[in-house]
2 protein chains.
Amino acid sequence: MTLKQLEAFYWAAKLGRMSIAAPRLHVTYATLARRIADLEESVGAQLFDRSSKPADLTSTGRRLFPLAGKILDLKEQISNEVVTVPAAPKYVELR
Amino acid sequence: MTLKQLEAFYWAAKLGRMSIAAPRLHVTYATLARRIADLEESVGAQLFDRSSKPADLTSTGRRLFPLAGKILDLKEQISNEVVTVPAAPKYVELR
DNA sequence: GCTCTTTACGGTCGTCGTAACTATA
DNA sequence: TATAGTTACGACGACCGTAAAGAGC
């Protein structure tokens, strides 16, 4: 399980179509579908039902969705809170 | 930023020494140190103060620590809640 | 027929472990 | 000197994009 895989799954689920999620993550269809397939293998269950054409979430996928969202929120929180200026920004010269 | 990097950082910080964290994650010193260094580059700041020998956390590292813990908790939650038996286990044949 | 998704293939990049090196206590 | 951590290096594996194929609507 990787953050990229969770990100791919999350946006595909949120946007409903992989074809829309792919450019949003700056990758091709193939890459996005592969990341989701790898996540499914890692989890051991199908996350999307491919029988319908705009692929729909399975029950497992619906269970994973909010958890994936939380992880991505935390990742963004790290990017925002940790990367920005530290607690003692007086005359500190970074690097 | 990857889950492996956060995991390396989290356990090194929690256990105090990289030399103890490394075998816990089933990797060598070199691999663990590299993952942490990569995370530092990704974050753009030092996480450990290498001037003291058992490396100590910087202020940025102390800020990252609880967030990393939350992400790893969520990862484990996914492993526990999502991987287990689905909602309709009647006569469904997986695969 | 058209759109959405998967698979095959080739190339590139990342990541790992071993081993040698540096530095602190 | 012994222990903690980093760097160099070679090899293996992962990942991406292009292109072609398969499957609903």
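Throughout, a chain's letter reflects where its sequence line sits, starting with A, and its residues are numbered from 1. Everything numeric in this text was worked out from a predicted model, so none of it was measured.
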- Remember a base hit wins even if backbone is also touched, and classify A:Arg34 as base, sugar-phosphate or nothing at under 4.0 Å, heavy atoms. base
- Check the pair A:Glu40 / A:Arg34 against salt bridge (charged side-chain N to carboxylate O under 4.0 Å, His left out), numbers first and verdict last. CA-CA 10 Å; A:Glu40 286 176 323; A:Arg34 208 170 12 224; over 6 Å; no
- Nearest non-hydrogen partners of A:Ala8 and A:Leu25, listed with the distance: CA-CD1, 3.8 Å
- Distance in angstrom units between A:Glu41 CD and C:dT7 P, rounded: 11 Å
- Test B:Leu6 against every option in B:Arg35, B:Met1, B:Lys75 by the side chain to side chain contact (heavy atoms under 4.5 Å, CB included) rule and name the one that passes. B:Met1
- Note on the structure: B:Met1 atom CE is separated from C:dG14 atom P, nearest whole Å, by 17 Å
- Query: Using a cut-off of 4.0 Å on non-hydrogen atoms, how would the nucleic acid contact of A:Thr28 be classed: base, sugar-phosphate, or nothing?
  - Reply: base
- Distance in angstrom units between A:Asp56 CG and C:dT5 P, rounded: 11 Å
- Message: Let me spell it out: for each of B:Tyr29 and A:Lys4, pick the nucleotide of DNA chain D with the closest heavy atom. Which residue's pick is nearer the 5' end?
- Response: B:Tyr29
- Please report, rounded to the nearest Å, how far the C1' atom of C:dT5 is from the CD1 atom of A:Ile36. 10 Å
- Query: If each of B:Ala30 and B:Asp38 is mapped to the nucleotide of DNA chain C with the nearest heavy atom, which maps nearer the 5' terminus, i.e. the 5' end?
  - Reply: B:Asp38
- Task: Determine the contact category for A:Ala55: base if any of its heavy atoms lies under 4.0 Å from a base atom, sugar-phosphate if only primed atoms, P, OP1 or OP2 are that close, otherwise nothing.
- Result: sugar-phosphate
- Could you give the CD-to-P distance, from B:Gln5 to C:dG14, as a whole number of Å? 12 Å
- Please state how far atom CG in B:Asp49 lies from atom C1' in C:dT24, giving the value in whole angstrom units. 12 Å
- Nearest-0.5 Å distance, NZ of residue B:Lys4 to OG1 of residue B:Thr2: 7.5 Å
- Note on the structure: Taken to the nearest whole Å, NE2/B:His26 to C1'/C:dG17 is 16 Å
- Just by modelled atom types, is the A:Leu47 backbone N or O under 3.5 Å from a matching donor or acceptor in the A:Thr60 side chain? no
- Would you give the length of the straight line joining atom CD1 of A:Ile78 to atom CG of A:Asp73, rounded to the nearest 0.5 angstrom? 11.5 Å
- Using a cut-off of less than 4.0 Å, is there contact between a side-chain N or O of A:Ser19 and OP1 or OP2 of C:dT5? yes
- Task: Specify whether B:Phe9 and B:Phe65 have parallel, tilted or perpendicular ring planes, treating 30° as the upper limit for parallel and 60° as the lower limit for perpendicular.
- Result: perpendicular
- Message: Please compare A:Arg50 and B:Arg17 by the position of their nearest nucleotide in DNA chain D and report the one closer to 5'.
- Response: B:Arg17
- Message: Using whole Å, what does the distance between atom P of nucleotide C:dT5 and atom CD1 of A:Ile20 come to?
- Response: 9 Å
- Covered region of DNA chain D, 5' end to 3' end, by chain A [heavy atoms, under 4.0 Å]: D:dC16 to D:dC25
